[in-house]
There are 2 protein chains.
Amino acid sequence: MGENVKRPTLEAVAVRAGVSKSSVSRVVNGETTVAPEIRDLVLHAVRELGYVPNSTARNLATKRTNTIAIIISDPPAGLVSDDPMFSAVVRAASRELEAAGKQVALMLAGSPESQRRVEQYVAAGHVDGALLVSMHGADPLPALIARMGIPVVSHGRLAAPWLMPYVDNDNLGGAAQAVRHLLDQGRRRIATISGPLDMPAAQDRLSAYRDVLKDSGRRSIMAVGDFTRVSGADAMGQLLEDDPGLDAVFAANDLIAIGALRTLRRSGRRVPDDVAVVGFDDIEAALYTDPALTTVRSSMGDQAAATARLLLGLFDGGPADPVIMPTGLVVRESA
Amino acid sequence: MGENVKRPTLEAVAVRAGVSKSSVSRVVNGETTVAPEIRDLVLHAVRELGYVPNSTARNLATKRTNTIAIIISDPPAGLVSDDPMFSAVVRAASRELEAAGKQVALMLAGSPESQRRVEQYVAAGHVDGALLVSMHGADPLPALIARMGIPVVSHGRLAAPWLMPYVDNDNLGGAAQAVRHLLDQGRRRIATISGPLDMPAAQDRLSAYRDVLKDSGRRSIMAVGDFTRVSGADAMGQLLEDDPGLDAVFAANDLIAIGALRTLRRSGRRVPDDVAVVGFDDIEAALYTDPALTTVRSSMGDQAAATARLLLGLFDGGPADPVIMPTGLVVRESA
DNA sequence: TCCCTCTCAGGGAGCGCTCCCTCGAACCCC
DNA sequence: GGGGTTCGAGGGAGCGCTCCCTGAGAGGGA
């Protein structure tokens with residue numbers, strides 16, 4: 001590959017400019033206690049030599065890395081190939097972090113092996129902070145990371161919320177609103193397809209569903225999904241078998257709802273006439289289903305950006321309080 | 001935040017084990033020229049002290065970082081919030097790189113400012129190699145990165161293919177197959193909605209469409225999209241206005257096809273009876289449209305993994321030849 | 001027995017940067 | 001004008017690791 005030109009060092013710049021290393025360092029780091037003429041001398045030499053600071057050396061000396069890890073759980077088998085959540089969250093968080101001048105190290109935490117790798121990496125002092133995304137309840141990683149002595153936040157409440165601050169949606173409120181909407185429309189047999197039960201978001205959405213139904217004296221009917229389309233399709237099939245007379249479904253997320261819609265279509269049900277469907281998240285795809293999906297808006301992107309800001313705030317001694325972002329029902333055609 | 005326990009250094013281990021730093025270094029790095037008893041002594045001390053090598057120091061000394069940058073273009077305004085491509089590509093590439101013991105630094109390249117940041121970062125010697133994803137034709141970044149003297153590859157052919165090796169789909173073949181399929185079904189007025197014309201993938205899919213039509217003596221009808229659902233919906237509307245009698249559409253990707261389906265539905269056209277639709281990529285969502293989408297399979301994930309392997313191969317003196325991955329038509333209901 | 005070779009452990013000079021400390025010069029106030 | 005401040009430049013000791021080099025000891029051949 002290319003010519004590995006030896007890059008100029010800070011010392012080379014110092015020699016070139018006829019000043020000391022210290023002065024160059026000061027100028028490069030934007031300290032104000034430098035005489036203008038020296039600053040000019042240095043800046044000139046920097047430009048002439050094309051000097052770029054060696055961040056590795058800087059990291060060694062300062063014991064900071066300027067890097068934030070985004071640690072995101074990785075589905076075991078590559079089940080979910082196109083996960084809107086992944087894209088929205090990683091993008092939004094990265095943007096926010098990069099805008100703050102941080103580097104982003106992406107780490108997938110799936111297999112035990114990869115978990116070890118993540119742990120090692122963080123333990124090795126390679127990052128100044130970490131942002132965890134969509135950890136499952138059984139996951140030991142959050143606890144391990146939390147005790148590493150670096151700022152850590154979670155996108156979404158953890159099963160062990162006390163471990164670190166987090167930013168979450170108002171899952172309870174949003175789900176309650178969705179189910180009440182179904183009730184208001186006169187639906188009598190309202191089923192739900194939940195997310196993976198070891199995830200707090202799924203738990204919240206489920207328990208709000210249950211609470212609202214219980215308050216209205218109705219019986220709940222549920223099947224378990226895992227936040228994917230195929231799980232939604234399967235679960236819908238099971239629900240239809242269990243109770244062919246159901247007239248509404250609250251899906252724990254839009255992907256599940258999309259899967260459910262397909263099964264309903266194939267079983268000959270009309271939506272919303274025979275069965276109403278409500279999703280959760282309001283991903284872009286919800287606008288393109290037939291009929292368009294009524295759903296609960298929870299901007300993953302905004303949430304991720306807020307999570308990143310929470311983390312950045314921690315570095316400046318900001319508050320470590322959990323943040324709950326509002327959700328709201330978006331009524332379209334499916335319910 | 002937590003107690004910043006000073007982590008033990010290599011020297012501490014050496015003292016503890018009663019050997020020299022050099023020996024500890026050798027053991028830690030798995031060199032074979034170490035007497036078994038010394039190795040045991042060291043390993044024991046490592047375990048006792050919980051020693052983890054400081055990779056920053058190691059990087060400084062070795063002038064390697066063990067880190068690969070995944071540089072991915074970022075849409076200007078946050079248009080695309082859930083981009084299946086992003087998820088599939090980043091996930092697959094990360095997996096492959098992490099499995100090879102590399103660290104992954106994710107960099108979004110969007111605004112000129114962020115481009116500068118990426119350039120600086122790579123120039124600063126922070127990464128050993130880079131993997132570019134979905135660069136647009138006008139993007140100056142590939143050329144800049146290519147001359148940095150580190151191994152670089154591209155996921156998808158660049159507008160300037162000679163800059164670096166790449167892994168691409170057989171866009172030409174896949175698109176040709178799709179259009180021929182439409183022809184074979186007796187469709188007479190076949191339109192296309194292209195991707196952004198500054199991306200080679202979009203160009204190839206478009207030119208294959210044109211070539212096949214020209215060979216069959218048919219006239220081409222096109223609208224330009226940008227690989228998003230909304231652009232597909234808009235372009236479809238325009239197409240319908242331009243030529244209300246069209247009976248087939250070849251969409252440059254599935255997202256566009258999904259958008260087009262919605263517009264067709266709203267305009268009262270039945271798919272495939274009135275208008276046949278073929279997409280490209282075979283993302284998971286293509287299975288859940290109504291009707292299910294006929295499309296060209298091109299596993300983004302496999303392609304990304306192959307790209308990562310190509311890059312890893314470069315470090316070991318492997319070939320720098322472009323790789324073209326096969327595509328194939330998946331016939332479902334929409335055409 | 002002597003010499004040469006070979007194997008391995010230890011010593012220590014960097015890698016490029018930061019940051020504390022020293023020290024000269026300029027500046028001030030009575 | 002003297003003593004005290006202030007300000008800013010330079011010197012140099014690390015940061016934790018790698019890797020070259022030296023040298024001790026073992027082994028082998030004649």
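Lettering follows sequence order; numbering is per chain, from 1.
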### Query
Any side-chain donor-acceptor pair under 3.5 Å between S73(A) and S134(A)?
yes
### Query
What's the spacing between E119(A) CD and Q115(A) CD if we round to 0.5 Å?
8.5 Å
### Query
Is a side-chain donor-acceptor pair under 3.5 Å present for N59(A) with T65(A)?
no
Please tabulate the protein-to-nucleotide N/O contacts below 3.5 Å involving nucleotides 22-26 of chain C, giving atom names and distances.
none

#### Entry: Least distance between heavy atoms, A130(B) atom then I150(B) atom
N-CD1, 4.4 Å
### Query
So among I324(B), V152(B), L132(B), V323(B), which one has a side chain to side chain contact (heavy atoms under 4.5 Å, CB included) with Y166(B)?
I324(B)
#### Entry: Spatial distance of atom CE (M107(A)) from atom CD1 (I70(A)) [nearest 0.5 Å]
11.5 Å
## Note on the structure
Nucleotide by nucleotide, nucleotides 10-17 of chain C touches protein heavy atoms under 4.0 Å in the pattern (B base, S sugar-phosphate only, - none) BBBBBBBB
### Query
Just by distance, with hydrogens left out, do S25(B) and S22(B) show a side-chain donor and acceptor under 3.5 Å apart?
no
